[in-house]
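Residue numbers start from 1 in every chain, and the chains themselves are labelled A, B, ... in the order their sequence lines are given, proteins ahead of strands.
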2 protein chains.
Amino acid sequence: MSSAAKDISPSAPKTARGARTRARILKAAEDTFGTLGYHRAGISDITRAAGVAQGTLYCYFSGKEEILRELVRDMGHKVRAHLAASVIGARDRLQAEELGLRAFLEYVSANPSLYRVLQEAQFVDEAIFREYYEAFGRGYMRMLADATRKGEVRPGNDEIRVWALMGLSNFLGLRFALWDQDHSFDEVVTTISDLFRNGLALDGKEKA
Amino acid sequence: MSSAAKDISPSAPKTARGARTRARILKAAEDTFGTLGYHRAGISDITRAAGVAQGTLYCYFSGKEEILRELVRDMGHKVRAHLAASVIGARDRLQAEELGLRAFLEYVSANPSLYRVLQEAQFVDEAIFREYYEAFGRGYMRMLADATRKGEVRPGNDEIRVWALMGLSNFLGLRFALWDQDHSFDEVVTTISDLFRNGLALDGKEKA
DNA sequence: AAGAAACCTGATTCAGTTGTCATATTGTGA
DNA sequence: TCACAATATGACAACTGAATCAGGTTTCTT
């Protein structure tokens, strides 16, 4: 049920009309998955939302799973782009973390469906979920290493740190952007920034 | 499809035999969900693993979802107990964080199925998933507040911090206990401890 | 050992789903 | 305008898996 390179997209659209239809289906799937969840969402829910017939979906996708994969890839590109743009003016790594966290929260808030889809992908196709975070992590590690070299960040095990940071953002996004916005993003960013700058302990910077 | 108090367990077992069977089913469900995932796991897979007939499952549970809920509650109790026991000898909050993180990683490593089930519950019954983390978070916040009062921890927004800390543990558990144990728990704990004690910045403890 | 209560069985039902395919429509280049 | 390739349709065959229930088995009590 999950051999490696099994289902290449039945065929890429060859005209602008086809491309438009494919995109409509993808958007409808995003909304439907976001509302109903992947499993509760049926093919017919997606095609109805897209305003096409059932069969049309199979012109562009081999099935539900391939749509999910496509959406996860999409989320990857979009988040990366959004975060990359957001940290452009940062004077150092710590400020980049602040800008990045805020941008992430904003992205989640603006794209709740896509975020839910990503999380749910963990249980539908774990490989693509891991791929997302491993790719994200690689980029993040490079930035931390650079910042350490520049003396902006304490040396440390960056792989572990990166997973900690991704997890932290993940939960903050879930709680404060997706579930309830009972705290401003400012508040969240300030609190986390303080953690990064000073730690949790009242008396740090001595006994390790 | 999800009215509030819909399905009370059809009936609690009234003899030791019944209790045993119920427990067998629960354990089989944990294993089956852990291996196949909630959706791919069928009732027949669970009952086969438990060595009982299909119908037997319905003597003790109203269906698949109730089993999941039961398992999440289970995970809640077990994790709490394990963590509470692990931090008993801690001299301060920071050491408690170290002990707690290690205990959490050990728990995940020893109970991968239960951990997966908890994560997947997010998409099956979001309420029980939130409940788990909100309950966990409440206890955690109390401890942080105490530690702040004692002067062990910098004052700050503890709700936000707690969600950050839970997210951090969550991802570290996923990556370093569930997926690959390519780093020792010591290494993970040390790295995170350094973050808590000193932050990420090379020069903290001044400009906020 | 009889009777009752609890426990267990598993073939069957049934609501729902996916993916197919023969056919229809659209639009474009010659 | 005609041909034909791409695109779209939607009824339906084939399948899935949850839940049922009429009846059998075990255990306990007296």
Side-chain angles (χ1 to χ4, degrees), chain A residues 1-3 6-29 32-33 35-70 120 123-125, chain B residues 1-3 6-29 32-33 35-71 120-121 123-125:
Chain A
M1 196 181 254
S2 261
S3 53
K6 51 181 165 184
D7 37 27
I8 296 307
S9 216
S11 71
K14 299 189 176 171
T15 65
R17 179 164 67 121
R20 239 176 298 131
T21 303
R22 201 190 113 106
R24 274 226 315 290
I25 292 171
L26 222 38
K27 180 77 182 97
T32 310
F33 288 163
T35 313
L36 263 38
Y38 177 80
H39 285 98
R40 277 184 274 272
I43 295 290
S44 59
D45 295 312
I46 298 171
T47 52
R48 198 181 321 121
V52 300
Q54 303 253 87
T56 306
L57 187 142
Y58 295 94
C59 295
Y60 303 109
F61 303 97
S62 66
K64 234 166 114 174
E65 248 188 72
E66 201 197 317
I67 296 186
L68 185 87
R69 277 192 287 272
E70 191 66 34
E120 202 165 4
F123 305 102
V124 179
D125 184 344
Chain B
M1 197 180 254
S2 261
S3 52
K6 52 181 164 183
D7 36 28
I8 297 306
S9 215
S11 72
K14 301 189 176 172
T15 64
R17 179 162 67 122
R20 239 176 298 132
T21 304
R22 200 190 113 107
R24 275 228 312 290
I25 292 170
L26 221 40
K27 180 77 182 99
T32 310
F33 288 164
T35 314
L36 263 40
Y38 177 81
H39 285 99
R40 276 184 274 271
I43 295 291
S44 59
D45 295 312
I46 298 171
T47 52
R48 197 181 321 121
V52 300
Q54 304 252 86
T56 306
L57 188 144
Y58 296 93
C59 295
Y60 303 108
F61 304 97
S62 66
K64 229 167 121 176
E65 248 188 72
E66 201 199 316
I67 296 186
L68 186 86
R69 278 192 288 272
E70 192 65 32
L71 287 174
E120 200 163 7
F123 305 101
V124 179
D125 184 344

Point to revise | Contact check, side chains of A:Phe123 and B:Arg40, non-hydrogen atoms, under 4.5 Å | key: no
Practice item. Taking the side chain as every heavy atom from C-beta outward, state whether A:Glu66 and A:Arg69 have any atom pair closer than 4.5 Å. Key: yes
Of all the choices, [options], which nucleotide is nearest to the side chain of [X] once you look at every atom?
X       : options               : answer
B:Arg17 : D:dT9, D:dT27, D:dT7  : D:dT27
A:Ala53 : D:dT26, D:dG10, D:dT7 : D:dG10
A:Thr56 : D:dT9, C:dC8, C:dT9   : D:dT9

Reckon [X] touches a base, only the sugar-phosphate, or nothing at all at heavy-atom distances under 4.0 Å?
X       : result
B:Gly42 : sugar-phosphate
B:Ala41 : sugar-phosphate
A:Thr15 : sugar-phosphate

Practice item. Report the C-alpha separation of A:Thr47 and A:Thr56 in whole Å, then their side-chain angles, then the decisive distance to 0.1 Å, and conclude whether the side chain to side chain contact (heavy atoms under 4.5 Å, CB included) test is met. Key: CA-CA 8 Å; A:Thr47 52; A:Thr56 306; 6.0 Å; no
Please report the distance, rounded to the nearest Å, between [atom1] in [X] and [atom2] in [N].
X       : N      : atom1 : atom2 : result
B:Ile43 : C:dT12 : CD1   : C1'   : 16 Å
B:Glu66 : D:dA19 : CD    : C1'   : 14 Å
B:Lys64 : D:dA18 : NZ    : C1'   : 8 Å
B:Arg20 : C:dC8  : CZ    : C1'   : 14 Å
B:Tyr58 : C:dG10 : OH    : P     : 16 Å
B:Gln54 : D:dA18 : CD    : C1'   : 8 Å
B:Ile46 : D:dA18 : CD1   : P     : 8 Å
A:His39 : D:dG17 : NE2   : P     : 11 Å

**Study point:** Any A:Ser44 side-chain N or O less than 4.0 Å from OP1/OP2 of C:dT17
**Key:** no
Practice item. Could you check B:Phe33 against B:Lys64 for side chain to side chain contact (heavy atoms under 4.5 Å, CB included), going step by step and ending with a plain yes or no? Key: CA-CA 10 Å; B:Phe33 288 164; B:Lys64 229 167 121 176; 4.1 Å; yes
Review point. Closer to the 5' end of DNA chain D via nearest nucleotide, is it A:Gly55 or A:Ala19?
Key: A:Ala19
Practice item. Go through B:Ile67 and B:Leu57 one step at a time and tell me if the side chain to side chain contact (heavy atoms under 4.5 Å, CB included) criterion holds. Key: CA-CA 10 Å; B:Ile67 296 186; B:Leu57 188 144; 3.8 Å; yes
